**Student:** 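One structure, as structure tokens, below. Some questions next.
As the structure is a prediction and not an experimental result, all values here were calculated from the model. Residue numbers run from 1 in the order of the sequence given.
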Amino acid sequence: MDPTAVLCAALRDPVAGPPLRERVHPGQTLAISACDGTRPQPRHLMIPAVLDELEGVVRREDVVILVATGTHRGNDESELRAMFGDEIVDGVRIVNDDTRDAGQLTWIGTYGNGVPVWLNREWWDADIRITTGFVEPHSFAGFSGGPKLVAPGLAALETVLVLHDAARIADPRATWGITHGNPVHDDVRAIAEATGVTFALDVVLNRHKDIVAAFGGDLLAMHAAATATAKCMAMRPVEAPFDVVTTDSGFPLDQNLYQAVQGMSAAYQVVRPGGTIVCAAECRPSNTCSACSPRTSPATDPTGASRPSACHPPAA
């Protein structure tokens, strides 16, 4: 399978809506959201495919690639080159989204089930917004990709903390393979739909991280098609729980303990009560998750409550 041809077909024959090139006009600015280094997205293939499709329509100087870090640490230059390739790094501006930097963020409003939303300012200000990602089952969001490339990917810390709060994650519907009715994904979709995505591109990968399918078009219809394929490929019923389950999420999910929990959670679905889960993860010292590091600066909201973010909605 030629991955470039698969991506091109997704851009030109989308699941829903017109082809990418018909949605973009000369002179417009373009923001592209892409996964950070904790996800095996084939950015080195997907980003060039998007830019090649828009050759002659959008100037490279009008493009910014936003690394959707969520609460994860940013990626350094060597990592960006490994993720995107030298040609993209040298020819297109790339910005690590910083969920804690109020200067990068702008207040959007309250969406979903009372979620206060700040998003990356460059994303919000762009004429054209394109999400790029990959879809696989997720432990509490149901599936990755699609609307997650907006929030939590490009959202403020406070937005992420609400999306990931105890009430949402403890809901039994916040689990593998469920999107609709899942309180986490319901709000993620609501934010992306309300704030607007021009075009979405997702891929499904095999165990070797090769592209086996690509989906493009209107965000929610595209993501629904991609999740259906990912579910068929990645999820299987078992006859009975196991006494012992071993798990190795593999790179890049084995970079730190925080990400390795994805593998543990998958194993938990099929281990018997009181059984044993064995997780193998490299956990490189240099890849400590920023979500686990005390870098937040407490702020106070108008009611006097402590808030873990420098962001506040504008005064009424």
**Student:** Enter the distance from L66:CG to T131:OG1 here, rounded to the nearest 0.5 Å.
**Tutor:** 12.0 Å

**Student:** I'd like to know if M222 and L11 are part of one continuous hydrophobic network [Ile/Leu/Val/Met/Phe/Trp/Tyr, side-chain heavy atoms within less than 4.5 Å].
**Tutor:** no

**Student:** May I ask you to say whether D98 pairs ionically with R100, meaning some side-chain N is under 4.0 Å from a carboxylate O?
**Tutor:** no

**Student:** Where do M83 and C35 come nearest, in terms of heavy atoms and distance?
**Tutor:** CE-O, 3.8 Å

**Student:** For L105 and A155, work out which heavy atoms get closest and say how close.
**Tutor:** CD2-C, 4.3 Å

**Student:** Kindly give the heavy-atom pair with the smallest separation between I94 and V67, and that separation in Å.
**Tutor:** CG2-CG2, 3.8 Å

**Student:** Only one of V89, L80, T132, I47 clears side-chain contact (heavy atoms from CB on, under 4.5 Å) with I65; which?
**Tutor:** I47

**Student:** If you round to the nearest 0.5 Å, how far is CG of D186 from CG of D171?
**Tutor:** 9.5 Å

**Student:** Got a sec, which residues hit ring pair (Phe, Tyr, Trp, His ring centres under 6.0 Å) with F140, two or more places apart in sequence or on another chain?
**Tutor:** H138, H164

**Student:** Answer yes or no: is there an ion pair linking R39 with D36, defined by an N-O contact shorter than 4.0 Å?
**Tutor:** no

**Student:** When rounded to the nearest 0.5 angstrom, what is the spacing between CZ in R60 and CG in L54?
**Tutor:** 9.5 Å

**Student:** Using the side-chain hydrogen bond (donor to acceptor under 3.5 Å, both in side chains) rule, take S265 and W176 through it: C-alpha gap first, then chi angles, then the decisive distance, then the call.
**Tutor:** CA-CA 9 Å; S265 177; W176 302 90; 3.2 Å; yes

**Student:** For F143 and K231, which heavy atoms make the closest approach, and how far apart are they?
**Tutor:** CZ-CB, 3.7 Å

**Student:** Indicate the atoms forming the closest heavy-atom contact of H185 with P147, along with that distance.
**Tutor:** CE1-CG, 3.8 Å

**Student:** Is any NZ, NE, NH1 or NH2 atom of the basic residue among E122 and R93 found under 4.0 Å from an Asp or Glu carboxylate oxygen of the other?
**Tutor:** yes

**Student:** Can we say R168 and D165 salt-bridge, meaning some charged N sits less than 4.0 Å from an Asp/Glu carboxylate O?
**Tutor:** yes

**Student:** Assess whether salt bridge (charged side-chain N to carboxylate O under 4.0 Å, His left out) is satisfied between E87 and R81, documenting all intermediate values.
**Tutor:** CA-CA 9 Å; E87 183 177 351; R81 290 186 180 278; over 6 Å; no

